[in-house]
Structures are given as structure tokens and as C-alpha cells.
Enquirer: 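Below you'll find the structure I mean.
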Amino acid sequence: MPLPHRSAAAGAVVALVLLLLAGCTGSSDTEPAGPSPDATAGSTGPVALAELPVRRMAVARAPFCSVVPASVVAAALDVAEAPAAREDTDGDRIRLGGRGQGAGRDVAHEHGCTWRAGGAEARAWVAVPPASRALAAELAGSLRDAPGCTGLTDPPSYGARSVGVACEAGGATRVVRAGVLGDAWLGCSLDGGRGVAAEEVERRSDAWCAGLLVALDGTSAPTQ
């Protein structure tokens with residue numbers, strides 16, 4: 001059944017999802033923000049998505065960069081120390097596209113964070129509009145149909161109507177996972193950089209997205 005006509009906000013969210021897949025960088029006047037000391041205090045090591053009660057978890061549609069543990073970011077990027085985050089919040093003017101046709105700026109309708117180290121990049125974003133069934137279907141479809149992307153094989157759930165894809169470009173693999181947690185559309189991605197095996201990026205992205213969800217939900221990591 002065709003989707004209803006989407007709002008300008010929903011359209012902007014879909015456009016941003018596609019930009020994240022393409023690896024284009026956004027920019028805003030927001031200063032980089034590192035994880036807070038409190039965010040690292042309760043870290044217990046890597047958690048796998050399959051270990052989490054994902055369908056019972058929820059996240060807020062609010063800024064979140066400072067609550068993501070530094071250890072989770074560092075492990076995702078395979079570095080000793082997590083870099084500061086670049087934060088985009090609802091209403092920021094961000095760059096859409098790079099050069100040429102389609103370049104310009106638009107208003108973000110998401111809360112997003114990006115961490116970069118070397119050639120690796122970890123991202124996370126929460127859409128500001130509530131995740132209606134129609135919006136979730138549209139966002140999931142935009143991921144599945146993105147050029148250069150293929151669905152992961154039997155990925156663990158990342159909430160209701162979840163999707164997981166691996167995208168290849170320029171000799172690098174980007175793994176993206178997203179789904180509905182509560183009334184929020186949460187997405188996370190990991191680009192391992194050139195030369196890093198796709199299997200390694202997928203493995204690290206599982207721990208990255210799981211650690212992110214634990215931080216945003218407030219759930220303690222499963223005991224061993």
C-alpha cells in the first residue's frame with residue numbers, strides 16, 4: 001500500500017538517512033562534545049545485541065552524545081581513547097551533500113552524534129518526529145533500497161521494524177542498524193575505514209549499537 005504523503009520533517013529525516021549511508025559529512029556550529037565522566041563509570045565491556053531485551057527497551061527523542069560511554073566509542077573505532085563527538089541537534093543547519101548538484105543546507109530533524117578516528121567513523125541518530133508505522137516503514141525502506149547496500153544475514157533485532165544493511169564504497173564497509181525503540185527511530189552506523197574486513201566491521205557494529213542502546217535506555221549490561 002502506498003505511503004501517505006510525508007511531511008517536510010519526515011522527508012528531511014529520510015534525506016539524512018541516505019546521506020549517512022553515503023558517508024557525506026554534516027556540519028553545524030555546535031562544538032564537539034566528549035562523553036561525560038559519568039557516562040564511562042558503569043561500563044562493563046562489550047555487549048551483544050542478541051543478549052539484550054531489545055523489544056522492551058526505549059530511548060528518548062532528545063540529545064544524547066554526552067551519555068554514550070567513551071569505552072564503547074573507542075572499541076567501535078578500535079582506538080585507545082575515544083575522540084570528541086560532533087553533535088547535530090534538532091533545528092541545526094546542516095550540509096546536505098558535498099559538491100555539485102544536491103549540495104546545500106537544510107534543517108536537521110534528528111539528534112545525531114558522530115565520532116571519527118583515522119579512517120573509521122561511528123554515528124548514531126534519533127529522529128525527532130515520533131516513529132509512526134508509516135515513517136518507520138519509509139525509513140527502513142530507504143536503508144534497504146540504498147545503492148551499494150545489502151541486507152545483513154539474520155541480524156539481531158534492533159527494535160520494532162528493525163533493519164540492518166552493509167554498504168560498500170571506496171574500499172570501505174559501513175554497517176547500519178536501525179529500528180523503533182519506544183516511539184523513537186534510533187539508528188547507528190559504523191564505517192571501519194579502508195582495508196578493514198566487512199566481517200570485522202559487522203562484528204564491531206553489533207557491539208557498538210548494543211552499547212549505544214544500553215546507554216540510551218539505562219539498562220545494565222547482562223551479567224556473565
Side-chain angles (χ1 to χ4, degrees), residues 16-49 59 63-89 92 94-98 108 110-126 143 146 148-149 152 155 158 164-178 186-216 221:
L16 287 165
V17 167
L18 296 176
L19 283 170
L20 293 170
L21 290 174
C24 297
T25 58
S27 66
S28 71
D29 295 329
T30 307
E31 290 298 318
S36 68
D38 290 343
T40 64
S43 180
T44 60
V47 178
L49 281 173
V59 302
F64 61 87
C65 297
S66 64
V67 304
V68 180
S71 60
V72 173
V73 175
L77 298 174
D78 195 26
V79 295
E81 184 175 346
R86 171 64 63 182
E87 182 173 7
D88 291 311
T89 58
D92 279 350
I94 66 167
R95 181 177 296 114
L96 294 182
E110 66 172 19
H111 299 291
C113 316
T114 303
W115 295 264
R116 297 188 183 96
E121 177 185 271
R123 291 184 186 240
W125 60 96
V126 176
L143 289 174
C149 299
L152 300 178
Y158 206 55
V165 298
C167 309
E168 305 290 336
T173 299
R174 180 185 299 267
V175 174
V176 185
R177 304 173 192 267
L186 173 67
C188 64
S189 72
L190 180 66
D191 187 331
R194 293 181 180 178
V196 179
E199 294 79 6
E200 170 67 7
V201 179
E202 183 173 349
R203 181 191 67 78
R204 279 162 42 192
S205 81
D206 184 289
W208 159 233
C209 295
L212 172 72
L213 181 51
V214 167
L216 300 192

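Just so you know, residue 1 is the first one in the sequence shown, and it goes up from there.
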Enquirer: Work out which heavy atom in P83 is nearest to a heavy atom in A117; give both atom names and the distance.
Expert: CG-CB, 4.4 Å
Enquirer: Considering residues at least two apart in sequence or located in another chain, which fulfil the side-chain contact (heavy atoms from CB on, under 4.5 Å) criterion with E81?
Expert: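 E81 satisfies side-chain contact (heavy atoms from CB on, under 4.5 Å) with no other residue.
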Enquirer: Going through the distances and angles, do L213 and V59 end up as a side-chain contact (heavy atoms from CB on, under 4.5 Å)?
Expert: CA-CA 8 Å; L213 181 51; V59 302; 3.8 Å; yes
Enquirer: Return the minimal non-hydrogen interatomic distance between A70 and A82, and the atom names on each side.
Expert: O-CB, 3.4 Å
Enquirer: Can you give me the closest heavy-atom contact between L190 and S205, atom names plus distance?
Expert: CD2-N, 3.6 Å
Enquirer: Is it true that E168 and R174 have a side-chain N and a carboxylate O under 4.0 angstrom from each other?
Expert: no
Enquirer: Partners of R203 by side-chain hydrogen bond (donor to acceptor under 3.5 Å, both in side chains), sequence neighbours excluded?
Expert: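 R203: side-chain hydrogen bond (donor to acceptor under 3.5 Å, both in side chains) contacts with E200.
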Enquirer: Using side-chain heavy atoms (C-beta onward) and a distance below 4.5 Å, is P63 in contact with E87?
Expert: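 P63 vs E87: side chains touch.
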Enquirer: Determine whether V165 and L152 satisfy the following criterion, side-chain contact (heavy atoms from CB on, under 4.5 Å), listing intermediate values before the conclusion.
Expert: CA-CA 5 Å; V165 298; L152 300 178; 5.6 Å; no
Enquirer: Any sub-3.5 Å donor-acceptor pair from R204's side-chain atoms to A76's backbone N or O?
Expert: yes
Enquirer: Looking only at heavy atoms, what is the nearest atom pair of V68 and A215, with distance?
Expert: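 V68 and A215 have their closest heavy atoms at CA-CB, 4.3 Å.
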Enquirer: Nearest 0.5 Å, what's the OG-CG distance between S189 and L143?
Expert: 10.0 Å
Enquirer: For G112, is there any backbone N or O sitting under 3.5 Å from a side-chain donor or acceptor partner on R123?
Expert: no
Enquirer: With A75, which residues qualify under side-chain contact (heavy atoms from CB on, under 4.5 Å), at least two apart?
Expert: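 Here no residue qualifies.
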Enquirer: Just by distance, do the side chain of Y158 and the backbone of C209 share a donor-acceptor pair under 3.5 Å?
Expert: yes
Enquirer: Examine distances only and state if a side-chain atom of W208 and a backbone atom of A122 form a donor-acceptor pair shorter than 3.5 Å.
Expert: no
Enquirer: Rounded to the nearest 0.5 Å, how far does CG of L49 lie from CZ of R177?
Expert: 5.5 Å
Enquirer: How close do L212 and G187 get, counting heavy atoms only, and between which atoms?
Expert: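 Taking L212 first and G187 second, the nearest heavy atoms are CD2-O, 4.3 Å.
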Enquirer: Pair H111, F64 - check side-chain contact (heavy atoms from CB on, under 4.5 Å), show working.
Expert: CA-CA 8 Å; H111 299 291; F64 61 87; 4.2 Å; yes
Enquirer: Tell me, do T173 and D191 make a side-chain contact under 4.5 Å, heavy atoms counted?
Expert: no
